[in-house]
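Note that this is a predicted model, so its numbers are computed, not measured.
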Amino acid sequence: MRLWLIPVVLAVMVAGVVEWVNAAWDAPGLPAASGNETVVLIPPHMRTHDIARILDQKGILRHALVFEMDARVRSLSGKLKAGEYAIPSRASMRAIAGILVEGKSIQHKLTVAEGLTSDMIVKLVKADPVLVGDPGAVPEEGALLPETYLFIRGETRSHLLDKMANAREKLLDAQWSSRAQGLPLKSPREAVILASIVEKETALLEERRHIASVFLNRLKIGMRLQTDPTVIYGLTQGYPLGRGIRQSELDAATPYNTYVIAGLPPGPICNPGKDSIAAVLNPDQTDDLFFVATGHGGHVFASTISEQARNVAAYRAFEHQQAAPQPQAGKSTRESTGKDRQGHR
């Protein structure tokens, strides 16, 4: 009689173990050491045993051996993916395995501001600690699209720069095919050159199509663009000049000096954003040939030289007012004279 009880007892024990394992698979896990989640990095080509060990060392699993065994029994071993994961606090082993099978790694981001040069962007990519590898040669100026890019840990710097170049190419192709008729631009490259100038002339989205129209109107009649950002690019390759432009620099016959050369400069002066590219290829319809800063963050436009002269005079008056020292308490305002600064170009 006792012999037949042995398999019965064993069967009951096995059933109990199976039930406990199943319960443990779905039971809440350990709380995160801090915050609401624990970040864990699973390198490529890890065995299930090694993955369980990494999770255990990070304080995520209650029962590393159970996780390993259950993953094998449930045919999940070959489906657990490498990556960087945010495991929620108290996540069950089922939930953890699901996250690793789905393979949704943490998304990091890098924001590239409009108007940066390619050299500046490469330096930004180099400085990111999550990316790996050498970025390679600096891409051609204007070849990258400023945007916020998402990537996972371990992505190469060269691959991210390729993403930026492909995004620019795709956007430019779409914008060029739907461009306005009659533009004095012979190629998409010329559109990028002009867009880079518009990008550097204003930070205001609502002004870009109007400023684009001014430059396009000038190109149509053969009038020089006369824009300071091109001169600065010729001097510093797009980095801040740190001072005003000298008259000798405005007079110098250099490739990027649009006060001297006719038409567009030989290449872009930065990487323009999508809004500046769109502004150049679908500009406002105006007769304006001039614009000058208002001193309040925007610009005022003119179609004739006499209108422009009045606008420049108004800007000079604003500059003079800003440069004049404020009277101290108890002193007559007649003591504050101040000198008129150099007028706007």
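- In this structure a side-chain-to-backbone donor-acceptor pair under 3.5 Å is missing from Arg90 to Pro31.
- For the residue pair Ser158 / Asp134, no side-chain donor-acceptor distance below 3.5 Å is found, with atom types taken as modelled.
- Side chain of Arg179 to backbone of Asn282: no donor-acceptor contact under 3.5 angstrom is found.
- In this structure, Arg208 contributes its side chain and Glu199 its backbone to no donor-acceptor pair below 3.5 Å.
- Panel note: side chain Glu141, backbone Ser118; a donor-acceptor pair is recorded below 3.5 Å.
- Asp284 places no side-chain N or O within donor-acceptor distance of the main-chain N or O of Thr286, the cut-off being under 3.5 Å.
- Annotation: side chain of Ile96 is in contact with side chain of Phe67 (closest heavy-atom distance under 4.5 Å).
- Here Glu68 contributes atom CD and Leu76 contributes atom CG; the two are 13.0 Å apart, rounded to the nearest 0.5 Å.
- Of the possible polar contacts, one joining the Ser196 side chain to the Ile193 backbone as a donor-acceptor pair under 3.5 Å is found.
- Considering only heavy atoms from C-beta on, Val112 comes within 4.5 Å of Leu124 through its side chain.
- Of the N and O atoms on the side chains of Glu84 and His108, at least one donor lies less than 3.5 Å from an acceptor on the other residue.
- Using modelled atom types and a 3.5 Å distance limit, the side chains of Thr258 and Thr227 yield no donor-acceptor pair.
- Side chain of Ser178 to main chain of Ala174: a donor-acceptor pair is present (N/O by atom type, distance under 3.5 Å, no hydrogens or angles).
- Rounding to the nearest 0.5 angstrom, the gap separating the CD atom in Glu169 from the CG atom in Leu144 is 11.0 Å.
- A side-chain donor from one of Asp251 and Gln247 sits under 3.5 Å from a side-chain acceptor of the other.
- At least one donor-acceptor pair closer than 3.5 Å links the side chain of Lys58 to the backbone N or O of Val39.
- For Glu307 and Ser303, the side-chain atoms include at least one donor-acceptor pair closer than 3.5 Å.
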- [ ] Start with the C-alpha gap between Phe291 and His210, add the side-chain angles, then the distance that decides, and say whether ring pair (Phe, Tyr, Trp, His ring centres under 6.0 Å) holds.
- [x] CA-CA 10 Å; Phe291 61 87; His210 200 158; 8.7 Å; no
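- Arg62 places a side-chain N or O within 3.5 Å of a backbone atom of Pro28 that can act as its donor or acceptor partner.
- A 4.5 Å side-chain heavy-atom check between Leu216 and Pro184 finds at least one atom pair inside the cut-off.
- Residues Leu41 and Tyr85 fail the side-chain proximity criterion, which asks for heavy atoms closer than 4.5 Å.
- Between the side chain of Arg153 and the backbone N or O of Ile106 there is no donor-acceptor pair closer than 3.5 Å.
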Open item on the list: Is there a side-chain contact (heavy atoms from CB on, under 4.5 Å) between Leu235 and Val231? Walk through the geometry before answering.
Closed with: CA-CA 7 Å; Leu235 296 170; Val231 180; 4.3 Å; yes
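- Between Arg74 and Arg94, some side-chain heavy-atom pair lies under the 4.5 Å cut-off.
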